[in-house]
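For reference, the structure discussed in these notes is given below.
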Amino acid sequence: MPDGPGATGPGLGRGPGAQGPGIGIGRGPGTQDPGIGRGPGAQDPGIGIGRGPGAAVTGVGLFTPAGADAATTWETVRAGKPTAALEERHGLRYLACRAPELPGDLGRAVTARRPDRSALLGLVAAREALADAGLDPAGWDGARVGVVVGTGAGGVLTFEAQHEVLRTDGPGDMSPFAVPGALPNGVAGQLAVEFGVRGPSAAVTTACAAGATAIGVALDLLALGRCDVVLAGGAEASLSPFYIAGFDRLRALSHRFDDPAGGLRPFDRDREGFVMAEGAGFLVLERPADATARGARARALITGYGATSDAHHVVAPRPDGSGLTAALRGALAEAGAAPGEVGLVNAHGTGTPRGDAVEAAALAALFPHRPPVTSTKGVTGHLLGAAGAVEAALTVLSLAEGTVPPTANFAEPGEGIDLDVPTTARGARLRLAVSTSVGFGGHNAALVITAP
């Protein structure tokens, strides 16, 4: 592994003038580019980052309101079957998309740690992803494995439950697991313990862009040579009184109580807000050469990632959509792809009046060739910090099967929305897709996903 000045090998160059054809990373005084040059593909002086061939997706795991595994989730999404239902709890009336009942074989070691529900959801999805990748944690070098988990709310259910114990019964009755269960890094820590991961373990919280951001961080860990395998994704269990009431006060939620299944209507004329959901999604990422060397199947490649901040408003997106556009351009530049090569957009599409309008305008301007634009949230609901990871996984499955999933509940486009939004599943020869994520605080994240 060359590590000095003028490193030119195919491995990892970290000194001045790193020029390796594989993963060249210049960190010394020879790094001239005002952006971040990471390989021969780094052409854009702003956001373009060349990482070579990208990362291979060798495993996919999902546990969502649409199904207890990836296959069932994909089948429900492909069929366009919404999962929202009306609930009345804690003096609140709201729509929600709940995950299926957790399996009973999580194990004593897991339950003894008293994890938050978000960690349990994440564990189920992560186990499936590792099994799909053909990896057995008992046989790997845990020091070369990383975990990156996106979340928006962390262990909010544990926090609320233990705060109520504190308020009603006093501190002596609180669980000793209250703090570790409530911490935002709880899922990442639980997965590291469960799978013997001794490399980097991190929690990412960029609101509803967190799942996509986690995948972007994982790409960096692989490109920097810090890990050989990264389990990257998101987990969220925030169907809590605090978050439901809080989002409702922001007027962000759908109130279509007479038609729960039709509550979340991405890009539709009658959209009025999103439906909160819980669940998890994980990808196993490896360098393509490493995956090939162990005989692993690559379901797809993550070839580009872009991230920007709107620097505009704590909740509202920048009206001209320039932040999202910049993230998309950065991801495409990193992938060495032009906008006209995009064959599918898995949009953020939450069903909010303002958010959908801004995103639709940005997509229409960047992709005038009108690729199909789908939002799977019409089926799954909005998984907040896990949404970007779940939707990246669904985009991988779209490419693998050659199917564009429909946007559930889309009947008539909203004012000013000029997109090709499928209402039924379409067969297509897909080579390259993008998945977008947007979060409160002005976070924008975009992933370019290509067929292997």
Side-chain angles (χ1 to χ4, degrees), residues 62-68 72-101 208 236-279 315 346-360 372-384 386-387 390-391 394 404-426 438:
L62 291 168
F63 193 77
T64 75
T72 307
T73 296
W74 173 242
E75 182 180 349
T76 305
V77 167
R78 185 178 52 189
K81 297 179 180 177
T83 60
L86 178 64
E87 295 187 354
E88 296 188 44
R89 303 185 185 188
H90 313 291
L92 300 169
R93 194 166 187 246
Y94 57 94
L95 302 179
C97 297
R98 288 196 178 268
E101 184 177 349
C208 299
E236 199 79 277
S238 56
L239 291 173
S240 74
F242 176 85
Y243 272 90
I244 293 166
F247 277 121
D248 200 41
R249 290 292 295 160
L250 284 170
R251 299 181 180 177
L253 301 182
S254 171
H255 282 200
R256 207 178 180 95
F257 299 147
D258 59 340
D259 177 24
L264 203 162
R265 311 179 68 82
F267 304 115
D268 188 72
R269 181 191 64 181
D270 296 328
R271 68 191 187 278
E272 60 180 38
F274 62 80
V275 176
M276 290 181 61
E278 61 175 6
V315 174
N346 191 316
H348 188 62
T350 60
T352 59
R354 181 183 297 182
D356 281 13
V358 170
E359 183 176 17
V373 175
T374 188
S375 170
T376 52
K377 289 183 176 72
V379 171
T380 65
H382 190 1
L383 286 98
L384 305 184
V390 168
E391 289 155 19
L394 292 171
V404 176
T407 297
N409 298 319
F410 179 82
E412 185 175 338
E415 181 180 356
I417 292 179
D418 183 20
L419 300 173
D420 177 13
V421 181
T423 56
T424 58
R426 295 182 190 171
V438 177

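Both backbone and side-chain heavy atoms feed into the values below; hydrogens, waters and symmetry mates do not.
- Within the 3.5 Å criterion, the main-chain N or O of Thr350 finds a donor-acceptor partner in the side chain of Asp356.
- Closest approach of Phe63 to Pro100, counting heavy atoms only: CZ-O, 3.5 Å.
- Side-chain atoms of Thr376 and Pro405, non-hydrogen and from C-beta on, do get closer than 4.5 Å to each other.
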Full working for side-chain contact (heavy atoms from CB on, under 4.5 Å) between Val390 and Leu62: CA-CA 7 Å; Val390 168; Leu62 291 168; 4.0 Å; yes

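- Glu412 contributes atom CD, which lies 11.0 Å from atom CD1 of Ile417 (distance to the nearest 0.5 angstrom).
- Listed for the Thr76 side chain is a donor-acceptor partner under 3.5 Å among the backbone atoms of Ala66.
- The main-chain N or O of Pro266 is never found under 3.5 Å from a side-chain atom of Arg271 such that the two would form a donor-acceptor pair.
- The main-chain N or O of Gly349 is found under 3.5 Å from a side-chain atom of Glu359 such that the two form a donor-acceptor pair.
- In Arg251, the CZ atom is not crowded: 12 or fewer heavy atoms of neighbouring residues, nucleotides or ligands sit closer than 6.0 Å.
- Using modelled atom types, one side-chain atom of Asn409 and one backbone atom of Ala261 make a donor-acceptor pair closer than 3.5 Å.
- A side-chain donor-acceptor contact under 3.5 Å links Thr374 to the backbone of Pro406.
- Thr407 places a side-chain N or O within 3.5 Å of a backbone atom of Ser375 that can act as its donor or acceptor partner.
- For the residue pair Thr380 and Thr64, no side-chain donor N or O sits within less than 3.5 Å of a side-chain acceptor on the partner.
- In this structure, the side chain of Asp268 does not engage the main chain of Pro413 through any donor-acceptor pair within 3.5 Å.
- Looking at Asp248 and Tyr94, their side chains never come closer than 4.5 Å, going by heavy atoms from C-beta outward.
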Audit row: Val275, Thr83, side-chain contact (heavy atoms from CB on, under 4.5 Å) steps and yes/no: CA-CA 10 Å; Val275 176; Thr83 60; over 6 Å; no

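- The minimum heavy-atom distance linking Leu384 with Met276 is given by the pair CD1-CE, 4.1 Å.
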Pair Lys377-Glu391, side-chain contact (heavy atoms from CB on, under 4.5 Å): steps then yes or no: CA-CA 9 Å; Lys377 289 183 176 72; Glu391 289 155 19; 2.7 Å; yes

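- Side-chain contact between His382 and His348 is present, with at least one heavy-atom pair separated by less than 4.5 Å.
- For CZ of Phe247, the number of neighbouring non-hydrogen atoms (other residues, nucleotides, ligands) closer than 6.0 Å is greater than 12.
- In this structure the side chain of Pro82 never reaches within 4.5 angstrom of the side chain of Leu264, judged on heavy atoms.
- Heavy-atom minimum distance, Val379 versus Lys81: CG1-O, 3.1 Å.
- The main-chain N or O of Glu75 is never found under 3.5 Å from a side-chain atom of Arg78 such that the two would form a donor-acceptor pair.
- Side chains of Pro422 and Phe410 form no contact here, defined as non-hydrogen atoms less than 4.5 Å apart.
- No donor-acceptor pair under 3.5 Å is formed between the side chain of Ser254 and the backbone N or O of Glu272.
- Between Gly273 and Pro353, the closest heavy-atom pair is N-CD, 4.4 Å.
- Side-chain contact check for Glu415 versus Arg269: every heavy-atom pair is 4.5 Å or farther apart.
- Residues Ala408 and Gly80 come closest through the heavy atom pair CB-O, 3.8 Å.
- The minimum heavy-atom distance between Ala96 and Leu239, with the atom names listed, is CB-CD2, 4.0 Å.
- Within the 4.5 Å cutoff, side-chain heavy atoms of Pro372 are placed close to those of Asp420.
- A heavy-atom distance below 4.5 Å is not found between the side chains of Ile244 and His90.
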